[in-house]
Amino acid sequence: MKKKFAEEIKIISAPIDRVLPVSFYDRDTRIVASELLGHILVNSNSEGMTSGIIVETEAYLQNDPACHAARGMTKRNRAMFGPPGCAYIYFIYGMYYCFNVVTREQGVGEAVLIRALEPIGGIELMKKRRGRDKLTELCRGPGRLVQAMGIDKNQNGQDLTGNELFVCAADEGGHNIVNTTRVGISEGKELPLRFYIAGNPNVSKR
DNA sequence: GTCCTGATCCTCT
DNA sequence: GAGGATCAGGACG
């Protein structure tokens, strides 16, 4: 029991020193989407800390019909036009939230949707929030990972380089990235803007 | 004001 | 594989 706790702290605390800087997000959205794979998303709140390796992302570009920002800024998508390295969280299908990271300079409405994570920290808390025990059922899918991580709509627009909700660099590289078309959209579905880590069981759809 | 749509997930068949 | 749950935002009148 004690050993397990120590391991968890080690996993989480090591990368906190290396939170990805704003400059990481202030680049081409497709590059950010592919390079986010393998890094670690962390959320910390009063319930505890949860974290997971990003294994699946999708890029949404401003001139792309599937992107919320394609028709200009509205109250809903305002966070997407904010500075790079912020969160864009929106409500979908009456029941779920999706979590995005904002890219490019302020005023450009582009973002990367985080579609799936591999749970690594706070797994018991994730199981409790999701009401499921199986690891791959915790963060496989955008709505699921938001629920498991305890991400809240009030975190919309929040700075991802702070100490509550952030992404930190992981050492491991060498994974094979698959670049394919996006999921669940009608327009722009032919564009290869989805990225995932080949063979990872937490990827939502293959 | 009303109506329709949707970057999803779960359950049942 | 199909269909239902459930509601905010946007389009339209």
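Just so it is clear: chains get the letters A, B, ... in the order the sequence lines come, proteins before strands, and each one is counted from 1. As a basis for the values below, the full set of heavy atoms in this structure was taken, side chains included, without hydrogen atoms, waters or symmetry mates.
Counted by atom type alone, A/Gln147 and A/Arg130 present one or more donor-acceptor pairs between their side chains at under 3.5 Å.
Shown here is A/Arg182, whose CZ atom has more than 12 heavy atoms of other residues, nucleotides or ligands within 6.0 Å. Annotation: A/Asn154, atom CG; neighbour count of heavy atoms from other residues, nucleotides and ligands within 6.0 Å is above 12.
When the P atom of B/dT8 is taken as reference, atom CZ of A/Arg194 falls 10 Å away, rounded to whole Å. In this structure, OH of A/Tyr196 is placed 17 Å from C1' of B/dA7, rounded to the nearest angstrom. Between A/Ile185 atom CD1 and B/dG6 atom C1' the separation is 12 Å, expressed in whole Å. In this structure, CG of A/Leu138 is placed 13 Å from P of B/dC9, rounded to the nearest angstrom. The nearest whole Å value for the distance from the NE2 atom in A/His68 to the P atom in B/dT5 is 16 Å. The separation between A/Phe195 atom CZ and B/dA7 atom P is 19 Å, rounded to whole Å. A/Leu113 places its CG atom 13 Å from the C1' atom of B/dG6, with the value rounded to the nearest Å.
For the pair A/Leu138 and A/Arg132, the tightest heavy-atom approach, listed with the atom from each and the gap, is CD2-O, 3.7 Å. Heavy atoms only, all atoms of each residue included: A/Cys67 and A/Leu61 are closest at CB-O, 3.1 Å.
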Quiz item: Just by protein heavy atoms under 4.0 Å, how would nucleotides 4-13 of chain C read 5' to 3' in B, S and -?
Solution: -BBBSSSS--
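Here C/dT6 sits opposite no nucleotide as a Watson-Crick or G-U wobble pair (both hydrogen-bonding atom distances under 3.5 Å). Pair assignment for B/dT2 gives C/dA11, based on Watson-Crick or G-U wobble hydrogen-bonding distances that are each under 3.5 Å.
Taking a centre distance below 5.5 Å and an interplanar angle below 30 degrees as the stacking criterion, A/Tyr60 stacks against the six-membered base ring of B/dA7.
Cluster membership for A/Leu36 and A/Val102, using ILVMFWY side-chain heavy atoms within less than 4.5 angstrom, is not shared.
Taking 4.0 angstrom as the limit, A/Arg182 places none of its side-chain polar atoms (N or O) nearer than this to OP1 or OP2 of B/dT8. Residue A/Arg115 places at least one side-chain N or O closer than 4.0 Å to OP1 or OP2 of B/dT8. Contact annotation: A/Arg144 reaches the phosphate of B/dC10 (side-chain N/O to OP1 or OP2, under 4.0 Å).
Cation-pi geometry between A/Arg27 and A/Phe24 is met: the NZ or CZ atom falls under 6.0 Å from the ring centre, inside 45° of the normal.
Exactly one of A/Arg144, A/Arg194, A/Arg140 qualifies for a salt bridge (Lys or Arg N to Asp or Glu O under 4.0 Å) with A/Glu56. That residue is A/Arg194.
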Identify the pairs formed between an N or O of the protein and an N or O of nucleotides 11-13 of chain B at a distance under 3.5 Å, and give each distance.
residue	atom	partner	partner atom	Å
B/dT11	OP2	A/Arg132	NH2	3.1

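A/Met80 comes within 4.0 angstrom of a base, heavy atoms only.
By the 30° and 60° cut-offs, the orientation of the rings of A/Phe91 relative to A/Tyr97 is tilted.
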